[in-house]
> 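The structure follows.
Basis for what follows: all heavy atoms, side chains included, without hydrogens, waters or symmetry-related copies. Here is the naming used below: chain letters follow the sequence lines, and residue numbers restart at 1 for every chain.
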Amino acid sequence: MTDTYVELHAASAFSFLEGASQPEKLTERAQEIEMPAIALLDRNGVYGSARFHTSGKRNNVRAHIGAEISVSSFGQRLTPPAWLPHQYMAEPSRLPVLCESREGYQNLCQLITQFKMREKTKGEGAANLVDLEQYSRGLVCLTGGDEGPLAAALMRGGEEAGREVVQQIIRTFGQKNVYVELQRHQEREEEWRNQAAIRIAHSLKLPVIATNGVRYATAYDREVLDLFTCIRNHTQLDHAGRLLALNDRRYLRSAREMQDLFRDIPNAIRTTRELSARLEFGLNDLGYEFPRYPVPDGETMDSFLRKRVEEGVIRRYGPTRNRALLEKAKKQIEHELTLIAKLGFAGYFLIVWDIVQFAKKHDILVQGRGSAANSAVCYALEITAIDPVGMELLFERFLSESRGEWPDIDLDLPSEEKREQAIQYVYQRYGELGAAMTANVITYRGKSAAREVGKALGFDHESLQRLSTLVSHFEWRGPTDTMAHSFQNAGLDIQHPRIAKYLDLCMRIQDMPRHLGQHSGGMVICRGQLDSVVPLERASMPGRTVVQWDKEDCADLGIIKVDLLGLGMMAVLKDCLELIPEHYGDKIDLARLPEDREVYGALQRADTVGMFQVESRAQMASLPRNCPKKFYDLVVQVAIIRPGPIVGKMAHPYMRRRQKKEPITYPHPSLEPVLRRTLGVSLFQEQLLRMAMTVANFTGAEAEELRRAVGMRRSWERMRNLEGKLRTGMTANGIDPATQETIIQNISSFALYGFPESHAASFALIAYASAYFKVKYLAAFTCAILNNQPMGFYSPAVLVKDAQRHGLRIKPIDVQVSDWACAIEHGHNGSLSLRLGLGYIKGLRKQSAEAIWESRSKHGAFRSVEDVIARIPLLNRKELTLLARSGALNNLGGVQHRRDALWQVERAGKLEGPLLRHKVELLLEQSAVSPLKQMTTEERLIADYACTSLTAGKHPMAYHRDDLQQKNILSADDLKRRYDGDYVRTAGCIIARQRPGTAKGFIFLSMEDETGIANVIVTPDLYERQRLVVTGSKFIIAEGPLQNQDGVIHVKATRLQPLLHQSLEVRSHDFH
Amino acid sequence: MSTELYACLYAKEFPAQALLRLRPELHGQPCVVIEGNPPFERVCSLNTKARLLGMTLGMTRVEVDTFPEIVVFLRSSQSESDTRNVLLECAGAFSPRVEDCSEEGVFLCGIDIQGTRSLFGPSEMLAHSLLERVRGLGITARVTIGRNFHAAVCLAKGLPQRIPIKEIAPGEEAQHLAPLSLKVLDLTELQAETLALWGIYSLGMLAQLPEKELIARMGQESKRLRQLARGELPHLFQPVEPRFTLEERMELDSPVELLDSLLFVVGVMLDQLILRAKARILALASVTITLSLEGGGTHSRTVRPAQPSTDKQLWIKLLHLDLEAYSPQAAILVVTLLAESGSTNKVQLGLFSPQVPEASQLDVTLARICAIVGEANVGRAVLEDTHAPEAFHIEPFVIPSGNPAVITPPQSRAAVRRLRPPERTSVTFQNSRPSTFYFRDQRYCVEHAYGPWFSAGDWWQQILWAIEQWDLVARAQDGSVLCCSLTRNPMLNEWQVGALYD
């Protein structure tokens, strides 16, 4: 192969606005042009290297790893001469380096970490000569293209300066590790630098090497690079001038093109092959080691873990006094511990245990989930509250020797604050360079793309605002849902050339990386130095470091991570665990909640507003059908109403089988043991693994690869390859093509959101706990959930109305009794009621509320409006108005109604100057009675919703009931008594609008009135006709035939009309 | 009782009315006025016909285009200001005291008609004649009359459309105003919010609030609002003062074709302008001459010397040179001179400062050059920040500030002689490289070819550009050597010799 050429200097979009192609595109293009290897050198990082490596493997292209390193010691990078007008900013020149060996890679990572951790503003850091000398071993250095130090030196001081720079590089990296780089982009200015470089190389006896300084895969992508250049420099295409590329020649060129270009210097092409052969390092040789847990002397990690587990077994199973269960548990634990020891995962379990211990010590509720979490060992270690032995939930996918997969445990924590506490603990325990957050690559999506492209094309601010709000959030992408269509709807002419180009560019930069964020909770931990595995940098949040790879990249390269996630419902449960003993006197243990008929009854009736995971409209529509009777039913319920099973057409078969409406069958007899528990329907990822292993003889590792592939958005292609393999395997096992098709369909439907059984079990436990608390301790549950907003599917207004329908008395905000948070109050007859907190008044500062509370507890109740103002000078006029308007001042002396309070507040807020103050008789008001009229019911409602987004009074619909009844409009409760097929009219306040991707453009409206929630189905047709009513109206009358099937009630709307025209600021949960 | 008496003239949808005023033929058609930068224009005003079709303010251009046979105008502030002047002038015919209270999109003026009874009859009759005059000008408006200026204004703003004339009988102000919405008051956001919270929605409700208590809550400003609502707020009339514009307009008795006769007239007009400017210790900074031509055309030129001047001869000379270079294409009917004023020359020359050409003489010289080569070709050439070839623009000469930057070329390079215009040629190729070409009737064989150099840009524009260049060393049959740069426009596949190297 004498005619090959290897591109050793390519940058991807992970050079953040300095490259215009995804790493995958580069390797794909390399494969197309039969390039055997390619090197990725992104700016100051290896952000794209994991994806580059993985896609290189897939496309059979060797992926060399390197980076362009900003070096401050080599002066500024090349800019056009001063006599030419240009807008280049001063930036340090960048030195391209390639990793020859693992040592080189580790040095590169440490080098990047070193200067990244130093940098004060993101992206501004640069290495210096000392750093380079410290970490030069194992790295090969090129002299760079126009961003490099040689070009800058030549321009600055001619050939002499150029030679000096190269000599400096030789001193740092060694004579053998420096190549003089030549790039030919067919720009005239470049060639004299090339000629000078050749002379320098000759004089210093260095090899010359040809590269193309690639910035994009194909010439067409130059447009994207120009666009990015504008975004990076905050300018517009029309004004960017010389910042833009001179031509489109920085694409990945074939060997033939490169040979033509360098026909006068053939050895420059030959050197690329030689250097490529020299670069032994690939990312598969990362050298990552499992974390170790520090154990006391004389202990191994295995023995230490065994002791902790044994203690746990006694703690967990001892109180049950069930000998058989204990024996069974011990047996299971022995099995798990042996496996853990064999695979060497003891350290991992101990690290998670350690975090859980920390949380317990600091009064943080924590619950583990993930493949390894639902094991007896984790139950014993109190990582989860799920007893897999007692509940008979022994999962297939705990750990497997053959699958080569890492254990996976996610920890759910109550809130941001508590989560941060746990994260800081991990940093502190493993050191700044031993643990870091995984990154989250922020990419250009609809809205951000629309904005940035619009700016670059010079659209004015107002148009930009309009354009970016246009980009729809709808999940469903129907035939009329294209960007083009929404532009047209907004009155834009897509034939206009600028608008057409705008649309084109918006589409092209979708999913391109924009900058690096941090993942909300994924942490990677490494034994020793994490910074020699992957570069670390500072996160924008103080005290945090981030690795340069995201979660999937880390998983691809086998780096173990622990997810510390904030889960609002955990905070609710935590609050409940405090409120219930205080107000009800009952002791609660989450791990031992009783199975309760009343709770299952509520679930079966779909009376689930506020309950974790089972409160959505789709869940409510399936609960009466699935009729959960025991914990495992809930595990299935949590997993089944998800896009995966719905797209895979598995949700409905399961429901029918559960209702005994169809027989239980299996796609193939061999799958019966795998699918028995879910009635022959595959629902869980674990089943997917087992299916692939059973029907297609996949090895554990292959099945694991399949699971990973279907779980990721970006792996459709990998999925296709595996599909071929799956079919071959099934054919070999004599499975007929039709069955094969069914099985493949089952598996690929997981591509959207596969759900592991072990996650489902953990979620089901939280779901059951939330249901249990809501049914048994409504006041505590409502109080807790209102105090932890925003969370869940419904707004506080809906939660309050739901609690009221269940008999809880909700008392309005009152400055005489309310605190910042909602609280439980005891009535004379022992009944409990809920007092809304001052925190629900939008715009009232927390410190003001605290001042109210403090003054009340020190000096007793307030006497009048003036007393409030005199005692709490912190309250400003706006806050006083809010308090008055929301009715919180109604219980003060001398206040008759809200308007009266408003009248008084305005007066009291404006004191006279000292000159007039003693002339009291002049200031006396003629009448103590306010001249303002009391608010009407409607005005009061408007005030309630405007101030607090909810009302403690009657539901807005209740005031119209008589009128509605006369017009034969039914309430949600009335609908339950109508028959399937009846033509009905109903009305309510829209609390949720949904257009699920799985529903072919159908829209589901949830409508609430004072009696409950009704569901309305809007066909795509009706939506097109009545778009404004569906998306804009807050109160709607819907009419059409009633669907009443298995206790699930929907109105299939044939006509919609807006109901009330009042300006209630009712919020709904739309299209999420 | 107050003896004051005011009429208020109110015209809504003013941008549309202003444009339609001189287009009576369009009165029966739906018309909208749009404003904004294309393609994002929005409707800012419309006539009743358009409103009846379902069009609303704020619609986009594309939405407008979905209506058939709609007449669309771009908003014209000139026509609005002209119309406003016409209306003010019209109002001025009824009283010397006219106050302009126009708001965005609306014409509104108050007229002090106290004591006009003997001239125009009772106030209602005056209102009728005023409306008639206004209608004659092509504008639909409404007139309200009252003894309180603000009451008349509020009522004009708040009346339903069908009532063209309304007179408030003395003492009935509050009664007439009571049902009106608070919108007629131009409340601040805070005032509007407070009153809404109090459940105060109309002027009547506001008028009912006790004064002292109201002031204690909303400040002195609320006293004014309450008085307004009760029709009691006194008004300090602020008559419009004619704007100071240096404009002279002369309709010629007969069409003029000769420049000399025109300049005679211009001289007289300039005398006037200079006199008026001098009276305010100003000079003329620029003069725009607008000529209405036979056949409906106009010809407009602006002359702006380096410094404002009151030298009539200089102005005559500059205008003469300019009109010679850009002479009107038809006979002249009307001449309008519009001058901008500027401060007089304050530069004081030092005794020992170097002698510079006198500013006015330099202006005349430059104007002479401009007249020959065109305005766009006089000044200094400035390179533009773009890769596009030949991109430069001409900037007018300016007095440099500070020291010029010393630019030293980084190294010596070969000199290039650009051929302007480039000369076309034909080229033959061998192995994708130029081998022979013709230049100035000679055939050249290429000995060394460097290139091709590519550049291309403006891909987001409708007209993009691309260029391919080769640097060649070629030898003619007679042995002479030619070093040149060949360029190709890939769009047209056209070869040219663009430059020669020494």
> Check for a donor-acceptor pair, side chain of B/Arg217 on one end and backbone N or O of A/Trp903 on the other, with a separation under 3.5 Å.
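Yes: the side chain of B/Arg217 pairs with the backbone of A/Trp903.
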
> So does B/Thr386 get a backbone contact from the side chain of A/Arg242, meaning a donor-acceptor N/O pair under 3.5 Å?
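Yes.
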
> Identify which part of A/Glu939 has an atom lying under 4.5 Å from any heavy atom of chain B, answering side chain, backbone, both or neither.
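For A/Glu939, side-chain heavy atoms alone lie under 4.5 Å from chain B.
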
> For B/Phe392, does the CZ atom sit with more than 12 other heavy atoms under 6.0 Å from it, leaving out its own atoms?
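For B/Phe392, atom CZ is not crowded (no more than 12 foreign heavy atoms under 6.0 Å).
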
> Rounded to the nearest 0.5 Å, what's the gap from CG on B/Asn37 to CZ on A/Phe459? Could you check?
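Reported value, rounded in 0.5 Å steps: 11.5 Å.
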
> Please rank A/Gln87, A/Arg249, A/Arg885 by heavy-atom pairs under 4.5 Å with chain B and give me the top one.
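Most pairs with chain B among the choices: A/Arg249.
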
> Look up atom CD in A/Glu189 and atom CH2 in B/Trp453, then write down how far apart they are to the nearest 0.5 Å.
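A/Glu189 atom CD to B/Trp453 atom CH2 measures 10.0 Å (nearest 0.5 Å).
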
> Would you mind checking which part of A/Thr936 comes under 4.5 Å of any heavy atom in chain B, side chain (CB onward), backbone (N, CA, C, O), both or neither?
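Neither; nothing under 4.5 Å.
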
> Does any donor atom in the side chain of A/Arg877 or B/Thr194 lie under 3.5 Å from an acceptor atom in the other side chain?
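There is such a pair (donor and acceptor under 3.5 Å, judged by atom type) between the side chains of A/Arg877 and B/Thr194.
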
> Are the side chain of A/Asn247 and the backbone of B/Phe454 linked by a donor-acceptor contact shorter than 3.5 Å?
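Yes, the answer is positive, given that a donor and an acceptor are paired below the 3.5 Å cut-off.
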
> Look at A/Glu190, A/Arg222, A/His185, A/Arg156 and state which one has the largest set of heavy-atom pairs under 4.5 Å with chain B.
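The residue among A/Glu190, A/Arg222, A/His185, A/Arg156 with the greatest pair count is A/Arg222.
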
> Under a 4.5 Å cut-off applied to non-hydrogen side-chain atoms, are A/Lys933 and B/Trp198 in contact?
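With C-beta onward as the side chain, the pair stays apart.
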
> To the nearest 0.5 angstrom, please state how far the CD atom of A/Glu187 sits from the NE2 atom of B/His387.
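These two atoms lie 8.0 Å from each other.
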
> Does the side chain of A/Asp248 come within less than 4.5 Å of B/Trp459's, by heavy atoms?
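Answer no - side chains too far apart.
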
> Between atom CD of A/Gln186 and atom CD of B/Gln469, what is the distance when rounded to the nearest 0.5 Å?
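The CD atom of B/Gln469 is 12.0 Å from CD of A/Gln186, to the nearest 0.5 Å.
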
> Taking B/Asp385's backbone N and O only, do any of them form a donor-acceptor pair with A/His86's side chain (distance below 3.5 Å, no angle check)?
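Between the backbone of B/Asp385 and the side chain of A/His86 there is no qualifying donor-acceptor contact (under 3.5 Å).
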
> Quick one: what part of A/Ala240 sits under 4.5 Å from any heavy atom of chain B, side chain, backbone, both or neither?
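The answer is the backbone of A/Ala240.
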
> Counting heavy-atom pairs under 4.5 Å to chain A, which of B/Gln208, B/Glu384, B/Met59 comes out on top?
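When all of B/Gln208, B/Glu384, B/Met59 are compared, B/Glu384 has the most.
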
> Let's go through A/Arg188 and B/Ser485 carefully: what are the C-alpha distance in whole Å and the side-chain angles of both, what is the deciding distance for side chain to side chain contact (heavy atoms under 4.5 Å, CB included) to 0.1 Å, and is it a yes or a no?
CA-CA 12 Å; A/Arg188 198 186 254 111; B/Ser485 165; 3.8 Å; yes

> Quick check: are there more than 12 heavy atoms from other residues, nucleotides or ligands sitting under 6.0 Å from CG of B/Asn431?
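No, because the 6.0 Å sphere around CG of B/Asn431 holds 12 heavy atoms or fewer from other groups.
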
> Could you tell me which portion of B/Ile200 (side chain, backbone, both or neither) has an atom closer than 4.5 angstrom to a non-hydrogen atom of chain A?
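Side chain only.
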
> Around A/Arg256, counting heavy atoms of other residues, nucleotides and ligands shown, do more than 12 lie under 6.0 Å from its CZ?
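Open.
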
> Would you mind checking which part of A/Leu261 comes under 4.5 Å of any heavy atom in chain B, side chain (CB onward), backbone (N, CA, C, O), both or neither?
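Nothing of A/Leu261, per the 4.5 Å heavy-atom cut-off to chain B.
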
> Select one option (side chain, backbone, both, neither) describing which atoms of B/Glu468 are under 4.5 Å from chain A's heavy atoms.
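Neither; nothing under 4.5 Å.
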
> Are the side chains of B/Leu197 and A/Arg899 in contact, using a 4.5 Å heavy-atom criterion?
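No. Closest side-chain heavy atoms not under 4.5 Å.
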
> Given heavy-atom pairs under 4.5 angstrom as the criterion, report whether the side chain, backbone, both or neither of A/Asp504 touches chain B.
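The answer is neither part of A/Asp504.
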
> Given the options A/Leu227, A/Leu243, A/Thr881, A/Asp238, which has more heavy-atom pairs under 4.5 Å with chain B than any of the others?
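The option with the most such pairs is A/Asp238.
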
> Is A/Lys501 atom NZ crowded by more than 12 heavy atoms from other residues, nucleotides or ligands, each under 6.0 Å away?
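It does: A/Lys501 NZ has more than 12 such atoms within range.
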
> State the CG-CH2 distance between A/Leu457 and B/Trp460, to the nearest 0.5 angstrom.
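Rounded to the nearest 0.5 Å, the CG-CH2 separation comes out at 9.0 Å.
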
> Within a reach of under 6.0 Å around CD of B/Glu232, are more than 12 heavy atoms found that belong to other residues, nucleotides or ligands?
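Atom CD in B/Glu232 is packed in, count exceeds 12.
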
